[in-house]
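Just the heavy atoms: all of them, side chains too, but no hydrogens, waters or symmetry mates, feed the values below. Both counts, for ligands and for their atoms, begin at 1 and track the order of listing.
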Amino acid sequence: MRVFKFGGASVRDAENVRNVCQVLQTIGYEDCLIVASAMGKTTNALETVVHNYFQNRFDLAESVDLVKEYHFAIVEELFPNKEHDIYNRLKELFDSITYFLLNNKSPNYNFVYDQIVSQGEIISTIILHHFLLDSNIVNEWVDARNLIKTDTTYRDANVNWNVTVENIKREINRPTLCITQGFIGSDYNGFSTTIGREGSDYSAAIFAYAIEAQSVTIWKDVPGVLNADPRYFNETVLLEHISYQEAIELAFYGASVIHPKTLQPLRQKEIPLFVKSFINPSLAGTNVSKGAPLTPEVPCFIVKKNQLLISLSSKDFSFIMEQNISDIFKLFCEYNIKVNVIQNSAISFSVCVEDKFNLFEDLRLRLINDYKVSYNENVSLYTVRHFDQYSADKILKDKTLLLKQVNRETMQIVTKE
Ligand code: ADP
Ligand code: ASP
Ligand code: MG
């Protein structure tokens, strides 16, 4: 069985939903499982709904309406017959969102987030399911929340692999094309959970692992994995065949074309991953699999924007050693702040971090009890894998360097632009 993952960009409007149909017709869809994300920027829009629910009730109804109007506009283009079932289904889904927002008693932000934000994937897959049916592509809609079981770490849930693998094996075992959701699962009480932003690639890998898929293809708006993000670099080169190891490193350092958790389950079962263009599905794209050359032929550039560079020094000029470092790391972990680079000297300690949940201010108030804390906001972290002199010079050009770290394979710099 093959697993196809269609991300937000590939279903962002009616034309792109039609294109999914074309991709399936071009490539073939026998013995396939489709894992799909929410349409376009729906997840961001639903995040705004949750934010308004807790902090700005005045704009709540309007933010729900925006999500509703966006989806109804797509549906109106795709299903000209207003009597079509999809209209009722969609109305029911939005009614259930409103019902939840009116009746919810939980003050837990992350819990509410998952109940609301997970609806983006439910809505997109219902639309896709009906549209494919109408295009003579027989398929079954499967609720991923019945299969992917997680703990209750809402917004960043951990998968219970044993139960999940059993569930998927039991459910996804027939020749009919199945269509399910990325990004979402449920806890032991049946409440929806999400596995982290951009997590649909990871969902595809979880399904593939469980059914021991022949391959996974993630369909993207780029020709495959390039040696740099084309949004920030002009001249990019397609990496045709790369090893799991290299793909894991690239994703880990922030090449956001593949979610970092995707590769491990695939590598364990040696399932090849293809990253292909949904615009030109016949092109080969990138193949991540066994037997690839150990290093790509060109340096690879990765940029992470909107980072925070924090420097800590002890108030009493004592050394920052194992004990302090371990205390500091416990705090980063507690506040869910991801550390991307670490550098320390005798009495100071610098980290470049990502504050996904906006908790740095709370953390800072804890840290200032023991340390002098200084920080730069909104800095960028550039990583060059397999750098040479030319690529190192190129990346440093015209930037204000705040921190630099080099090892044999990788150069990292933190800059203020
Ligand atoms: P989706 O959510 O639709 O699955 P993403 O937007 O998460 O897709 O991933 C595709 C995007 O990843 C591209 O549009 C591109 O800007 C970005 N990207 C970052 N690094 C790379 C890279 N090394 N190669 C290709 N694309 C990259
Ligand atoms: N829709 C989710 C997000 O935007 C998951 C995904 O697209 O991978 O984060
Ligand atoms: Mg995405």
Tell me whether [X] is salt-bridged to [Y], with the criterion being a basic N under 4.0 Å from an acidic carboxylate O.
X: Arg366; Y: Glu334; answer: yes
X: Glu270; Y: Lys290; answer: yes
X: Glu15; Y: Arg18; answer: no

Looking only at distances, can you tell me whether any N or O atom of [X], backbone or side chain, sits closer than 3.5 Å to an N or O atom of ligand 1?
X: Lys5; result: yes
X: Arg231; result: yes
X: Pro230; result: no

To which protein heavy atom is [atom] closest, and what is the distance rounded to 0.1 Å?
atom: atom 8 (O) of ligand 1; value: Lys220 NZ, 3.3 Å
atom: atom 2 (O) of ligand 1; value: Glu198 OE1, 3.6 Å
atom: atom 24 (N) of ligand 1; value: Leu226 N, 2.9 Å
atom: atom 16 (O) of ligand 1; value: Asp229 OD1, 2.8 Å

Polar side chain donor-acceptor pair, Gln245 to Arg267, under 3.5 angstrom: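 Present: a donor and an acceptor within the cut-off.
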Tell me yes or no: between the side chains of Lys220 and Ser10, is some donor less than 3.5 Å from an acceptor?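 No, because no side-chain N or O of Lys220 sits under 3.5 Å from a partner of the opposite role on Ser10.
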Mind telling me whether His130 and Phe79 have parallel, tilted or perpendicular rings, with 30° and 60° as the class edges?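 Geometry flag for His130 against Phe79: perpendicular rings.
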Check the angle between the aromatic planes of Phe72 and Phe94 and answer parallel, tilted or perpendicular using the 30° and 60° thresholds.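 Plane angle between 30° and 60°, so tilted.
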Non-hydrogen atoms of Pro230 and Val222 that approach each other most closely: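 Closest approach of Pro230 to Val222, heavy atoms only: CG-CG1, 3.8 Å.
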Please report the closest heavy-atom contact between Leu402 and Thr415, naming both atoms and the distance.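 Shortest heavy-atom contact: CD1-C, 4.2 Å.
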Arg57 to Tyr53, cation-pi by 6.0 Å centre distance and 45° axis angle: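 Yes, cation above the ring, under 6.0 Å and within 45°.
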Under 4.0 Å, heavy-atom basis, I'd like to know which part of Asp221 is in contact with ligand 1: side chain, backbone, both or neither.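 For Asp221, only side-chain atoms sit under 4.0 Å from ligand 1.
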For ligand 1, indicate whether the residue Val222 contacts it via side chain, backbone, both or neither (heavy-atom separation under 4.0 Å).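 Within the 4.0 Å criterion, Val222 contacts ligand 1 through side-chain atoms alone.
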Considering only N, O or S atoms, which atom of Glu198 is nearest to the Mg ion (ligand 3)?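 For Glu198, the N, O or S atom at the smallest distance from the Mg ion (ligand 3) is OE1.
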Numbering as shown, the atoms of ligand 1 that approach Gly7 to under 4.0 Å (heavy-atom distance):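 Listed by number with element, the hits are 1 (P), 3 (O), 4 (O).
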Taking a 3.5 Å cut-off between nitrogen or oxygen atoms, can you list every pair linking ligand 2 to the protein, with distances?
{"from": "ligand 2", "atom 1": "1 (N)", "to": "Thr43", "atom 2": "OG1", "distance (Å)": "2.7"}
{"from": "ligand 2", "atom 1": "1 (N)", "to": "Glu121", "atom 2": "OE2", "distance (Å)": "2.7"}
{"from": "ligand 2", "atom 1": "4 (O)", "to": "Thr43", "atom 2": "OG1", "distance (Å)": "3.2"}
{"from": "ligand 2", "atom 1": "4 (O)", "to": "Arg197", "atom 2": "NH2", "distance (Å)": "3.0"}
{"from": "ligand 2", "atom 1": "7 (O)", "to": "Ser37", "atom 2": "OG", "distance (Å)": "3.3"}
{"from": "ligand 2", "atom 1": "8 (O)", "to": "Glu198", "atom 2": "O", "distance (Å)": "3.4"}
{"from": "ligand 2", "atom 1": "8 (O)", "to": "Gly199", "atom 2": "N", "distance (Å)": "3.3"}
{"from": "ligand 2", "atom 1": "8 (O)", "to": "Ser200", "atom 2": "N", "distance (Å)": "3.0"}
{"from": "ligand 2", "atom 1": "8 (O)", "to": "Ser200", "atom 2": "OG", "distance (Å)": "3.1"}
{"from": "ligand 2", "atom 1": "9 (O)", "to": "Arg197", "atom 2": "NE", "distance (Å)": "2.6"}
{"from": "ligand 2", "atom 1": "9 (O)", "to": "Arg197", "atom 2": "NH2", "distance (Å)": "3.4"}
{"from": "ligand 2", "atom 1": "9 (O)", "to": "Glu198", "atom 2": "N", "distance (Å)": "2.7"}

Would you call Gly224 a ligand 1 contact, heavy-atom distance under 4.0 Å?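 Distance cut 4.0 Å: Gly224 passes for ligand 1.
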Would you please determine whether Ser37 falls within less than 4.0 Å of ligand 1 on a heavy-atom basis?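 Checking ligand 1 against Ser37, which is what was asked, there is no heavy-atom contact under 4.0 Å.
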Between Tyr382 and Phe301, does the ring centroid distance fall short of 6.0 Å?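 Between Tyr382 and Phe301, the centre distance exceeds or equals 6.0 Å.
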Run the side-chain donor-acceptor check on residues 252-262: report pairs under 3.5 Å with partners two or more places apart or on a different chain.
{"from": "His259", "atom 1": "ND1", "to": "Lys261", "atom 2": "N", "distance (Å)": "3.1"}
{"from": "Thr262", "atom 1": "OG1", "to": "His259", "atom 2": "O", "distance (Å)": "2.6"}

Protein heavy-atom contact under 4.0 Å for atom 4 (O) of ligand 1?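 Yes, at least one protein heavy atom sits under 4.0 Å from atom 4 (O) of ligand 1.
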